[in-house]
**Q** 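A single structure is presented below for examination.
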Amino acid sequence: MSKDRKTLEERDQMSDLERLRHSTAHVMATAILKIWPDAQFAYGPPIDHEVYGFYYDVDLKHRITPDDFEKIEAEMKKIVKENQPFERMTVSRDEALELAKSGRLGGLAERDAESVFKVDLLNDIPEGEEISIFKNGDFWDLCAGPHVGRTGNCKAYKIQSVASAFYKGDANNQQLQRLYGTAFKNKTLLTEHLERVEEAKLRDHRKLGKELELFKIDEQVGQGLILWLPNGAIIRQELQNFIGEELERQGYSQVFTPHIGKLDLYRTSGHFPYYEDSQFVPVIERDALNKLSDEGCSCADLNNALINGEADGFLLKPMNCPHHIRIYDASPHSYRDLPVRLAEFGTVYRWEQSGELGGMTRVRCFTQDDAHLFVTPDQLDEEIQGCLELVKIVLGTLKMDDYRVRVSLRDPESDKYVGDPANWDKAEEALRKAAQSLGKPFTEEEGEAAFYGPKIDFVVKDVIGREWQLGTVQVDYNLPERFDLHYTGADNEKHRPVMIHRAPFGSMERFVGVLIEHFAGHFPTWLSPEQVRILPISDKFAEYGQEIEAKLKAKGVRVKIDLTSEKVGAKIRLAQLAKVPYMLVAGAKEMEAGEVSVRHRNRGDEGTKSVDEFVDAIVKEIEERVV
RNA sequence: GCUCUUGUAGCUCAGGGGUAGAGCACUUCCUUGGUAAGGAAGAGGUCACGGGUUCAAAUCCCGUCAAGAGCUCCA
């Protein structure tokens, strides 16, 4: 995501709310300066975010903590009350530079230290563009605006959090304190927003994952390594079964491959040593290790030996493609065999930075619902369509329509992309065409492609506004080249197949994480770990309850019976908290009539039904995967 | 990886330089009750780990590990 300054055109289009939030950022900066006059400000834009509305980056000796927020907000209140006008003033580049050097910009007065960031930012303003300064009270800031009329407009605000950010988003630059806040037209809207944010946090998959015993991350096992608990495993298995049916329909072949492969395999694919930093360190062959060790080899020597191929070893697979490619290449192919579609729930390992790990959405070991299609160039468009269809079936079945589509292209400036630019153009064009046929708006983003090819990604947001890529369809002309794959055409000549990589869920971990939040833990019946709980009124009806339990079990329904000596009220409460879709209350009335009292998790008491009627209904609901 | 914050019973958390607390969950007993908490008793923690300061550390300091927020990254 580029942190570049907004163009003039973009600034003109700033909405009223963005204007207000940006102005509030100025008010906040003014308040901070009242308290810490030596604060140095960098960027302070409004942002489009689920939680936050603006931020301002500041360099300050004092470490701002949440305890300081109240103090800052109190100062802001005074500034709002003074109702200072925001005044725009245009200056020449030299005048601006002078002001920045005297510490006046991003300050309340001239200061001993120059306004370092403002001096630097001036250099980023293109020649010929008008340079403007906005003033409110004593606060002068280098700023293109626009702003609201007066500080009095900024009366509903909240400082929300403080974190840190690299200046200009570059990890080589110094880190600044970033203060996040938001602002609205009035207090009512602000309160509503803050309540919405709090409510969203209740759906956090990490919180629900613990409460519903879906998964855990164990310190002794390791960071970013998901342990699927029995309840979570049921959900995953159901999803796998679901997509398995679709794959069968679409003519895929299931394969299984090991979790490791020789380094040479990845030298050919280009994963090693090129992406060494994001892989686990190779597993070294014992003989090779002993030999090197006898030779008194250092760690650096070993590393070099691995990289230049003098020592052999295995890599935990960072992707499944090379294994699938070797399966394709196991036998000669005629154009009549194509497309070859190889599918596997393939587990991969990636060395993600520790600071990026979190919950199920960013992990170090995950299982992709992966497949690789080997197709003739003629078949490409149709096969891409098939893959997109699959993604749509998945998202449609789960009623996840709140996603955006991204066509991820290479960055022509970057050297991380392998292969012939002409092939890249072809692949990008094919995907662009496919994306258009989706009938949904999409964005094209440079620099988001995989190193071997461009892709169409389906991106969703989590409860705190972070975006995650789920499903993906990628076109690849490069790996077939690197592995020298071919098929025999109708002309009896050898031809190069094109590869499609695709994963409708993306990864089981991330998808289930997002799914937990999507349903707020209220999984549809077919996905619910426990689908029915039978609640006998008292011991006397235990046997009757067990009869019902047996009937449901016989139909494959996941059912439990609560035989504790609690009262129904308490039993219901526990079942509600466990988010079990159906509760069956069974007492004297029901037993006599061969019925059950049905209570649904969300719909409440639904009255009595005969046992058979209920069994039929729930079996149908599960089979049809009703959401 | 970086900055900041956090780490106390299975869970949610209070406390805080003098050797540990609540609610829920758990176990046992009583209760057999009709749509979100019936009652009683009991058990459960060397306060993440390793050092240091101190007569004394769960509490203060340093380090490690882990979690959270943000940044950077994400083939």
Side-chain angles (χ1 to χ4, degrees), chain A residues 1 3 49 51-52 55 57 63-67 160-180 201 204 206-207 210-211 213 216-224 266 269-272 274-279 318-319 321 348 350-359 361-364 408 416-418 448-453 455 464 466-469 472 474 476 478-479 501 510 535-542 564-577 583-590 597-601 604-607:
Chain A
M1 195 80 70
K3 287 280 177 291
H49 189 275
V51 180
Y52 310 125
Y55 66 78
D57 284 348
R63 290 287 164 195
I64 297 174
T65 69
D67 293 340
Q160 292 163 294
S161 92
V162 58
S164 113
F166 296 106
Y167 178 54
K168 287 187 170 174
D170 184 337
N172 296 314
N173 286 342
Q174 79 171 98
Q175 284 191 288
L176 307 173
Q177 302 187 65
R178 176 169 292 180
L179 226 51
Y180 284 94
K201 285 182 184 163
D204 191 311
R206 292 165 296 195
K207 180 175 153 61
K210 194 183 277 184
E211 287 171 5
E213 295 179 22
K216 76 166 288 191
I217 299 167
D218 185 87
E219 276 196 35
Q220 287 196 42
V221 174
Q223 278 186 295
Y266 297 101
S269 70
H271 289 95
F272 188 85
Y274 203 53
Y275 286 97
E276 202 195 350
D277 286 350
S278 42
Q279 293 156 179
M319 303 206 94
C321 1
V348 298
R350 298 183 187 180
W351 188 256
E352 306 287 2
Q353 297 184 103
S354 61
E356 256 310 327
L357 298 170
T361 40
R362 190 78 181 269
V363 294
R364 283 182 174 156
S408 299
K416 82 171 195 184
Y417 303 102
V418 300
E448 291 289 327
F451 78 91
Y452 49 74
K455 46 187 188 147
I464 48 177
R466 292 183 290 210
E467 286 203 317
W468 301 104
Q469 177 203 311
T472 180
Q474 320 181 350
D476 178 7
N478 288 309
L479 290 180
H501 309 237
R510 181 176 288 180
L535 314 177
I537 295 281
S538 78
D539 291 354
K540 295 183 204 117
F541 313 104
T564 61
S565 63
E566 294 294 340
K567 294 209 220 175
V568 230
K571 291 186 181 184
I572 286 174
R573 179 167 183 272
L574 289 173
Q576 286 285 154
L577 289 175
M583 289 153 263
L584 302 182
V585 179
K589 280 185 301 189
E590 292 81 4
S597 273
V598 181
R599 180 189 164 98
H600 185 268
R601 166 184 70 187
D605 195 341
E606 301 195 298

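Order of the sequence lines fixes the chain letters, A, B, ..., with proteins taken first and strands second; residue numbering starts at 1 for each chain.
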**Q** If each of A/Leu176 and A/Gln474 is mapped to the nucleotide of RNA chain B with the nearest heavy atom, which maps nearer the 5' terminus, i.e. the 5' end?
**A**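 Looking at RNA chain B, the more 5' nearest nucleotide goes with A/Leu176.
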**Q** If I take atom CG in residue A/Asp67 and atom P in nucleotide B/rU5, what distance separates them, rounded to the nearest angstrom?
**A**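 It works out to 10 Å between those atoms.
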**Q** Just compare B/rC74, B/rU3, B/rG70 and give me whichever is closest to any side-chain atom of A/Ile464.
**A**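 Side chain of A/Ile464 sits closest to B/rG70.
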**Q** Is a donor on one side and an acceptor on the other found under 3.5 Å between the side chain of A/Asn478 and the backbone of A/Val418?
**A**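 Yes, because the side chain of A/Asn478 sits within donor-acceptor range (under 3.5 Å) of the backbone of A/Val418.
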**Q** Just jot down the side chain to side chain contact (heavy atoms under 4.5 Å, CB included) partners of A/Ser597, sequence neighbours excluded, or say none.
**A**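 Per chain and number, A/Ser597 pairs via side chain to side chain contact (heavy atoms under 4.5 Å, CB included) with A/Val585, A/Glu590, A/Thr608.
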**Q** Give me the atom names and distance for the closest heavy-atom approach of A/Ala450 to A/Tyr417.
**A**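 Distance-wise, the nearest heavy atoms are O-CD2, 3.4 Å.
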**Q** Inspect the surroundings of CD in A/Glu211 and state if more than 12 heavy atoms from other residues, nucleotides or ligands are less than 6.0 Å away.
**A**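 Above 12, so yes.
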**Q** Look at the side chain of A/Arg599 and the backbone N and O of A/Asp605, then say whether any donor-acceptor pair between them is shorter than 3.5 Å.
**A**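 No: the side chain of A/Arg599 does not pair with the backbone of A/Asp605.
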**Q** Provide, to the nearest angstrom, the distance between the CG atom belonging to A/Leu574 and the C1' atom belonging to B/rA36.
**A**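 That distance rounds to 9 Å.
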**Q** Report yes or no: is the ring centroid of A/Tyr275 under 5.5 Å from the six-membered base ring centroid of B/rA75, with the two planes under 30 degrees?
**A**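 Taking the rule of under 5.5 Å and under 30°, the ring of A/Tyr275 does stack on B/rA75.
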**Q** Give a yes or no answer on whether the side chain of A/Lys571 reaches the backbone of A/Pro536 with a donor-acceptor pair at less than 3.5 Å.
**A**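 Yes; judged by distance alone, with no hydrogens or angles, the pair exists.
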**Q** Does any non-hydrogen side-chain atom of A/Glu352 lie less than 4.5 Å from one of A/Gln223?
**A**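 They are not in side-chain contact.
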**Q** The side chain of A/Arg573 lies closest to which of these nucleotides: B/rA75, B/rA37, B/rC74?
**A**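 Nearest listed nucleotide: B/rA37.
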**Q** Under 3.5 Å, which protein N or O atoms sit close to an N or O of nucleotides 65-67 of chain B? Give each pair with its distance.
**A**
{"residue": "B/rA66", "atom": "OP1", "partner": "A/Gln223", "partner atom": "OE1", "Å": "3.1"}
{"residue": "B/rA66", "atom": "O2'", "partner": "A/Glu219", "partner atom": "OE2", "Å": "3.4"}
{"residue": "B/rA67", "atom": "OP2", "partner": "A/Gln223", "partner atom": "NE2", "Å": "2.6"}

**Q** Check the distance between B/rA36's P and A/His600's NE2 and give it to me in whole angstrom.
**A**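 The distance from NE2 of A/His600 to P of B/rA36 comes to 16 Å, rounded to the nearest Å.
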**Q** Round to a whole Å and report the spacing from CD of A/Gln177 to P of B/rU3.
**A**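 Checked: the CD to P distance equals 13 Å.
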**Q** Is a side-chain donor or acceptor of A/Arg364 paired with a backbone partner of A/Trp351 at a separation under 3.5 angstrom?
**A**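 Answer holds: no.
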**Q** Can you tell whether the side chains of A/Asp170 and A/Lys168 come within less than 4.0 Å, N to carboxylate O?
**A**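 No, A/Asp170 and A/Lys168 are not salt-bridged.
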**Q** Dump the pairs, protein N or O against N or O of nucleotides 8-12 of chain B, anything under 3.5 Å, distances to one decimal.
**A**
{"residue": "B/rU12", "atom": "OP1", "partner": "A/Lys210", "partner atom": "NZ", "Å": "3.3"}

**Q** Just the atom pairs and distances: protein N or O near nucleotides 32-35 of chain B's N or O, under 3.5 Å.
**A**
{"residue": "B/rU32", "atom": "O2'", "partner": "A/Lys540", "partner atom": "NZ", "Å": "3.0"}
{"residue": "B/rU32", "atom": "O2", "partner": "A/Ser538", "partner atom": "OG", "Å": "3.4"}
{"residue": "B/rU32", "atom": "O2", "partner": "A/Asp539", "partner atom": "N", "Å": "2.9"}
{"residue": "B/rU32", "atom": "N3", "partner": "A/Asp539", "partner atom": "OD1", "Å": "3.4"}
{"residue": "B/rU32", "atom": "N3", "partner": "A/Asp539", "partner atom": "OD2", "Å": "2.8"}
{"residue": "B/rU32", "atom": "O4", "partner": "A/Asp539", "partner atom": "OD2", "Å": "2.7"}
{"residue": "B/rG33", "atom": "N7", "partner": "A/Ile537", "partner atom": "O", "Å": "2.4"}
{"residue": "B/rG33", "atom": "O6", "partner": "A/Ile537", "partner atom": "O", "Å": "3.4"}
{"residue": "B/rG33", "atom": "N1", "partner": "A/Ser565", "partner atom": "O", "Å": "3.3"}
{"residue": "B/rG33", "atom": "N2", "partner": "A/Ser565", "partner atom": "O", "Å": "3.0"}
{"residue": "B/rG34", "atom": "O6", "partner": "A/Ala588", "partner atom": "N", "Å": "3.1"}
{"residue": "B/rG34", "atom": "O6", "partner": "A/Lys589", "partner atom": "N", "Å": "3.3"}
{"residue": "B/rG34", "atom": "O6", "partner": "A/Glu590", "partner atom": "OE1", "Å": "3.4"}
{"residue": "B/rG34", "atom": "N1", "partner": "A/Glu590", "partner atom": "OE1", "Å": "2.9"}
{"residue": "B/rG34", "atom": "N1", "partner": "A/Glu590", "partner atom": "OE2", "Å": "3.0"}
{"residue": "B/rG34", "atom": "N2", "partner": "A/Glu590", "partner atom": "OE2", "Å": "2.5"}
{"residue": "B/rG34", "atom": "N2", "partner": "A/Ser597", "partner atom": "OG", "Å": "3.3"}
{"residue": "B/rU35", "atom": "O2'", "partner": "A/Arg599", "partner atom": "NH1", "Å": "3.2"}
{"residue": "B/rU35", "atom": "O2", "partner": "A/Arg599", "partner atom": "NH1", "Å": "3.4"}
{"residue": "B/rU35", "atom": "O4", "partner": "A/Ser597", "partner atom": "OG", "Å": "3.0"}

**Q** A/Arg362 CZ to B/rG1 P: how many Å, rounded?
**A**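 One finds 13 Å between P of B/rG1 and CZ of A/Arg362, rounded.
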**Q** So, for A/Tyr274 and A/Gly270, which heavy atoms are closest and what is the spacing to 0.1 Å?
**A**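 Closest pair (atom of A/Tyr274, atom of A/Gly270, distance): CB-O, 3.3 Å.
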**Q** Side-chain N or O of A/Lys416 versus OP1/OP2 of B/rC74: is the shortest distance under 4.0 Å?
**A**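 Indeed, a polar side-chain atom of A/Lys416 lies that close.
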**Q** NA contact type, A/Arg601, heavy-atom cut-off 4.0 Å: base, sugar-phosphate, or nothing?
**A**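 Contact class for A/Arg601: none.
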**Q** Dot-bracket for RNA chain B, please. Rules: Watson-Crick or G-U, both distances under 3.5 Å, ( ) within the strand, [ ] when a pair crosses earlier ones, | for another strand, . otherwise.
**A** (((((((..((((....[..)))).(((((.......))))).....(((((..]....))))))))))))....
**Q** Step through it carefully: locate the ring centre of A/His49, locate the ring centre of A/Tyr180, and say whether they are under 6.0 Å apart.
**A**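 So the answer is no for these two rings.
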**Q** When the distance from CG of A/Asp204 to P of B/rG68 is rounded to whole Å, what number comes out?
**A**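 That distance rounds to 9 Å.
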**Q** Where the side chain of A/Gln576 meets the backbone of A/Arg601, is there a donor-acceptor pair that is under 3.5 Å apart?
**A**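 Side chain of A/Gln576 to backbone of A/Arg601, a donor-acceptor pair under 3.5 Å: yes, one is there.
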**Q** What's A/Tyr452 touching, base or sugar-phosphate or nothing? Going by heavy atoms closer than 4.0 Å.
**A**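 Touches sugar-phosphate only.
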**Q** Taking only N and O in the side chain of A/Tyr55, is any of them less than 4.0 Å away from OP1 or OP2 of B/rA69?
**A**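 Looking at the OP1 and OP2 atoms of B/rA69, neither is under 4.0 Å from any side-chain N or O of A/Tyr55.
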**Q** Using side chain to side chain contact (heavy atoms under 4.5 Å, CB included) as the criterion, list what pairs up with A/Arg206, not counting sequence neighbours.
**A**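 Side chain to side chain contact (heavy atoms under 4.5 Å, CB included) list for A/Arg206, sorted by chain: A/Asp204, A/Ile464, A/Arg466.
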**Q** Kindly assign one of parallel, tilted or perpendicular to the pair A/His501 and A/Tyr452, based on the angle between their ring planes and the thresholds 30° and 60°.
**A**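 Correct class here is parallel.
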**Q** Tell me which of A/Trp351 and A/Tyr180 sits closer to the 5' end of RNA chain B, going by the nucleotide each one is nearest to.
**A**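 Nearer the 5' end of the strand: A/Tyr180.
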